[in-house]
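The structure appears below as structure tokens.
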Amino acid sequence: MPREVRVRFAPSPTGLPHIGNIRTALFNWLFARHHGGKFIVRVEDTDQARLVPGSIEAMLDGLRWLNIDWDEGPEVGGPYGPYYQSERLQIYHDLAGKLVTQGNAYHCYCSQKLPSQDSQEQRDRRVSASADCKCRDLTPGEISKLSKGQESKVVRFAMPKEGITRVNDLIRGAVEWRNETLNDFIIMKSDGFPTYHLAVVADDKLMEISHVMRAEEWLPSTPRHLQLCEALGYEPPKYAHLPMIMGSDRAKLSKRHGATAIGEYKDNGFLPEALTNFMVLLGWALDDKTDVVSTQTVIENFTLDRVTKSSAIFDQEKLLWMNGMYIRELTAEQLAGRMTPFLERDLSEDMLPVDQEYLQQIAPLLQERIKSLEESANITSYFFKADEEFDTGTLVQKGMDRDSTLSALKAALDDLSATDDFHQEKLEEMLNATGERLELSRRQFFGVLRTAATGRSVSPPLFEMLEVLGKDRIVSRIKNAVDRFSAAS
RNA sequence: GGGGCGUUCGUCUAGCGGCCCAGGACACCGCCCUCUCAAGGCGGAGAUCAGGGGUUCAAAUCCCCUACGCCCUACCA
């Protein structure tokens with residue numbers, strides 16, 4: 001009988017949640033939901049030096065924003081807790097002791113060498129610092145001399161010197177390493193904390209994790225984990241190494257490639273459902289033609305045999321396109337709601353607060369014209385306040401002169417002042433006739449009005465817009481345009 | 001230096017021996033629609049399937065070699 005699927009996302013609180021980490025979380029979550037299993041969040045805070053306060057909260061916020069819920073972990077607890085490794089130190093300590101007793105690990109008395117302290121030669125040759133360690137073969141006499149009665153807290157795992165370690169990766173297939181190429185890595189640090197390797201193996205076992213799905217960069221450390229399992233008598237979990245996400249230059253995605261933190265995408269006006277859909281496509285595909293796909297459909301079809309092996313470049317352009325697709329699927333009410341925080345953030349004081357009913361009328365006019373919520377304020381500002389500064393010279397359309405422009409404005413002003421029916425069909429009917437009478441093309445006449453009403457040469461279709469703006473705003477804006485244009489010489 | 005993984009249009013990908021002188025999507029170009037801008041529709045350009053050897057009647061698909069890229073090689077994860 002197959003075990004229950006239990007997968008985990010194991011972030012370390014060392015900085016802002018990176019898009020690559022989030023994608024890993026997403027794939028784990030999709031896998032769990034597909035199999036009706038459990039998705040667990042476990043905090044790997046074993047590096048006290050690099051701990052960044054607030055990063056776990058940011059990570060959890062990111063998951064919540066994307067609607068990725070976890071069954072066990074921070075805030076929700078669970079039967080396998082605690083879910084912070086810093087609260088599980090005794091477990092690792094005991095395990096390390098057991099390994100030493102069994103002869104699978106040994107205390108190390110070498111002085112600590114940071115990468116930056118490596119000699120030039122070492123950096124050039126890229127020789128592992130651990131290769132120099134001779135503590136494995138220390139005699140009891142040498143140990144007591146080195147330890148000065150104080151046993152070192154640093155413990156290294158004693159890698160078998162011969163043999164092969166194999167893994168059958170669910171995405172990559174069979175992979176194997178000659179044990180002689182593997183070094184004696186550290187499992188307990190001098191501060192009493194375990195390294196990732198020990199903690200991850202211990203907790204994956206204790207939390208009964210069935211599948212370890214993580215980024216490909218972890219593949220090289222898999223034989224260490226397998227050997228650790230072997231020494232501890234654990235049956236290892238299944239492994240699946242996901243392709244990595246790269247920047248446009250094919251290097252590991254980093255800050256200089258643009259936004260990498262999940263929070264930035266939220267602030268930049270992306271819809272969580274669009275980001276999710278986009279991330280899913282980075283390494284997974286439903287078929288040969290589907291791009292826009294609901295999370296529900298992905299869950300139903302999410303299998304590892306459809307996960308790509310090669311790394312993917314994060315294409316901001318396609319993400320933007322997808323965001324536009326999702327924006328267009330929103331109802332007017334939903335879009336208005338999503339835009340509101342951005343308007344409150346970016347609109348000037350005097351345009352706030354935003355009237356929701358009015359905004360819901362505006363929203364449909366912009367829906368297919370924005371690709372990101374970030375554009376909200378810029379594209380709607382004239383609905384809230386007239387631009388009285390625009391260059392009146394732009395009122396004059398191609399093939400027109402000052403006089404024809406001025407008379408066009410006056411004619412429209414007469415028409416619009418005289419009617420109270422601002423339904424777009426009526427307005428179009430009326431102004432069409434007036435335009436013809438003035439012998440202006442629709443492009444010319446409507447262009448003048450567009451500019452007078454918005455101060456811009458680009459806007460949603462004129463009549464839909466005029467209906468939403470309403471008589472008061474329109475009449476006053478055209479009057480203003482006439483005045484300013486007349487005054488200008 | 002060592003170890004490992006990867007390689008299909010610029011990018012994301014479909015493809016798991018014949019349906020492929022390779023399909024879809026983004027971006028790009030053109031046309032249509034049209035009051036501007038979009039959206040949408042239609043069409044185009046774009047991949048000697050990294051290169052070379054095999055296996056096979058038949059290979060993008062299987063095997064081997066090479067090249068290139070990436071990852072790991074910390075008392076970081």
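The sequence lines fix the lettering, A, B, ..., with proteins before strands; numbering per chain opens at 1. Worth saying up front: this structure is predicted, and the values here are computed from it rather than measured.
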Exercise. Give A:G283 one of three labels, base, sugar-phosphate or nothing, depending on what nucleic acid heavy atoms sit under 4.0 Å from its own.
Key: sugar-phosphate
Quiz item: Which of the following nucleotides, B:G23, B:A77, B:C35, is nearest to the side chain of A:D288?
Solution: B:G23
Quiz item: Hey, is the side chain of A:K371 poking within less than 4.0 Å of OP1 or OP2 on B:A27, counting only N and O atoms?
Solution: yes
Self-check item: Side-chain touch A:L440/A:M400, heavy atoms, less than 4.5 angstrom
Solution: yes
Self-check item: Residue A:E217, side-chain heavy atoms: nucleotide from B:A77, B:A38, B:U73 that is nearest
Solution: B:A77
Exercise. Could you pick out which residue, A:E368 or A:T14, lies toward the 5' side of RNA chain B when each is mapped onto its nearest nucleotide?
Key: A:E368
Practice problem: Please lay out, stage by stage, how A:Y83 and A:D203 fare under the test side chain to side chain donor-acceptor pair (under 3.5 Å). | Solution: CA-CA 9 Å; A:Y83 294 91; A:D203 290 343; over 6 Å; no
Quiz item: Rounded to whole angstrom units, what separation is found between the CG atom of A:N179 and the C1' atom of B:G2?
Solution: 15 Å
Quiz item: Can you tell me the Watson-Crick or wobble partner of B:C70, both distances under 3.5 angstrom?
Solution: B:G4
Exercise. Using a cut-off of strictly less than 4.0 Å, decide whether A:R456 has a side-chain nitrogen or oxygen near OP1 or OP2 of B:C37.
Key: no
Exercise. Send over the distance from A:R214 CZ to B:C76 P, rounded to a whole Å.
Key: 17 Å
Quiz item: Is B:C28 paired to anything, Watson-Crick or G-U wobble with both distances less than 3.5 Å, and if yes, which nucleotide?
Solution: B:G44
Self-check item: Atom-pair distance (CZ on A:F446; C1' on B:C35), nearest Å
Solution: 6 Å
Quiz item: So A:F278 and A:F314, would you call those rings parallel, tilted or perpendicular, with 30° and 60° as cut-offs?
Solution: perpendicular
Practice problem: May I ask you to say what A:M246 touches in the nucleic acid, namely base, sugar-phosphate or nothing, with a heavy-atom cut-off under 4.0 Å? | Solution: sugar-phosphate
Exercise. Answer yes or no: does a side-chain N or O of A:R250 lie under 4.0 Å from OP1 or OP2 of B:U11?
Key: yes
Practice problem: Give one of base, sugar-phosphate or nothing for A:W284, where a contact means two heavy atoms less than 4.0 Å apart. | Solution: nothing
Quiz item: Any side-chain N or O of A:R306 less than 4.0 Å from the OP1 or OP2 oxygen of B:G15?
Solution: yes
Quiz item: Just checking A:P460: base, sugar-phosphate only, or nothing, at a heavy-atom cut-off of under 4.0 Å?
Solution: base
Quiz item: Is A:K189 near enough to B:C76 that one of its side-chain N or O atoms lies under 4.0 angstrom from OP1 or OP2?
Solution: yes
Quiz item: A:S12 near the nucleic acid: base, sugar-phosphate alone, or nothing, with a heavy-atom cut-off under 4.0 Å?
Solution: sugar-phosphate
Quiz prompt | Modelled atom types, side-chain donor and acceptor of A:E436 and A:N432, under 3.5 Å | solution = no
Quiz item: Do the side-chain N and O atoms of A:T394 and A:D391 include a donor-acceptor pair separated by under 3.5 angstrom?
Solution: no
Quiz prompt | CA sep, side-chain torsions, deciding dist, call: A:W70, A:F9, ring pair (Phe, Tyr, Trp, His ring centres under 6.0 Å) | solution = CA-CA 9 Å; A:W70 54 101; A:F9 171 51; 9.5 Å; no
Self-check item: Residues A:Q397 and A:T405: side-chain donor-acceptor under 3.5 angstrom
Solution: no
Exercise. Return yes if the base of B:C76 and the side-chain atoms of A:R50 contain a donor-acceptor N/O pair under 3.5 Å, otherwise no.
Key: yes
Quiz prompt | Atom pair distance, as rounded to whole Å: CG in A:D184 and C1' in B:C75 | solution = 14 Å
Exercise. Taking only the side-chain heavy atoms of A:V458 (C-beta and beyond), determine which of B:G3, B:A39, B:C37 contains the nearest atom.
Key: B:C37
Exercise. With A:R443 as the cation and A:F445 as the aromatic partner, state whether NZ or CZ is under 6.0 Å from the six-membered ring centre and within 45° of the axis.
Key: no
Quiz item: Can you tell me how far P of B:U7 sits from CD1 of A:I313, to the nearest Å?
Solution: 14 Å
Quiz item: Between B:A14, B:C75, B:C35, which nucleotide has the shortest distance from any of its atoms to the side chain of A:S190?
Solution: B:C75
Self-check item: Value in whole Å for how far the P atom of B:G10 lies from CG of A:D315
Solution: 13 Å
Exercise. Decide yes or no for A:I478 and A:K410: does some side-chain heavy atom of the first lie under 4.5 Å from some side-chain heavy atom of the second?
Key: no
Practice problem: Give one of base, sugar-phosphate or nothing for A:V154, where a contact means two heavy atoms less than 4.0 Å apart. | Solution: base
Quiz item: From B:U73, B:G40, B:C26, pick the nucleotide closest to the side chain of A:W321?
Solution: B:C26
Practice problem: Find the distance A:L319:CG to B:A27:C1' and express it as a whole number of Å. | Solution: 14 Å
Quiz item: Considering heavy-atom distances to RNA chain B, does A:A285 or A:D45 have its closest nucleotide positioned more toward the 5' end?
Solution: A:A285
Practice problem: Looking at every strand, decide which applies to A:T46 at a 4.0 Å heavy-atom threshold: base, sugar-phosphate, or nothing. | Solution: sugar-phosphate
Exercise. Indicate, with a heavy-atom threshold strictly under 4.0 Å, whether A:S310 touches base, sugar-phosphate, or nothing.
Key: sugar-phosphate
Quiz item: Does a nitrogen or oxygen in the side chain of A:R443 sit under 4.0 Å from OP1 or OP2 of B:C35?
Solution: no
Quiz item: Between B:G24, B:G40, B:C12, which nucleotide gets closest to the side-chain atoms of A:L281?
Solution: B:C12
Quiz prompt | Sorted by number, the residues of residues 422-432 of chain A with heavy-atom contact under 4.0 Å to RNA chain B | solution = none
Quiz item: From B:A27, B:C12, B:C70, pick the nucleotide closest to the side chain of A:M244?
Solution: B:C70
Quiz item: What nucleic acid atoms does A:C110 come within less than 4.0 Å of, heavy atoms only: base, sugar-phosphate, or nothing?
Solution: base
Quiz prompt | Whole angstrom value for the distance that separates P of B:C71 from CG of A:L242 | solution = 17 Å
Quiz prompt | Residue A:M325, side-chain heavy atoms: nucleotide from B:C5, B:G40, B:A14 that is nearest | solution = B:G40
Practice problem: Using a heavy-atom cut-off of under 4.0 Å over every strand shown, decide if A:Q367 touches base, sugar-phosphate, or nothing. | Solution: nothing
Quiz item: Checking all strands, does A:T222 fall into the base, sugar-phosphate, or nothing category for heavy-atom contacts under 4.0 angstrom?
Solution: nothing
Practice problem: Indicate yes or no: at least one non-hydrogen side-chain atom of A:D137 is less than 4.5 angstrom from one of A:Y106. | Solution: no
Practice problem: With heavy atoms under 4.0 Å as the rule, sort A:M188 into base, sugar-phosphate or nothing. | Solution: nothing
Quiz item: Counting just side-chain N and O atoms, does A:T195 come under 4.0 Å of either OP1 or OP2 of B:C76?
Solution: no
Quiz prompt | Side-chain heavy atoms of A:P11 within contact of A:M59, under 4.5 Å | solution = yes
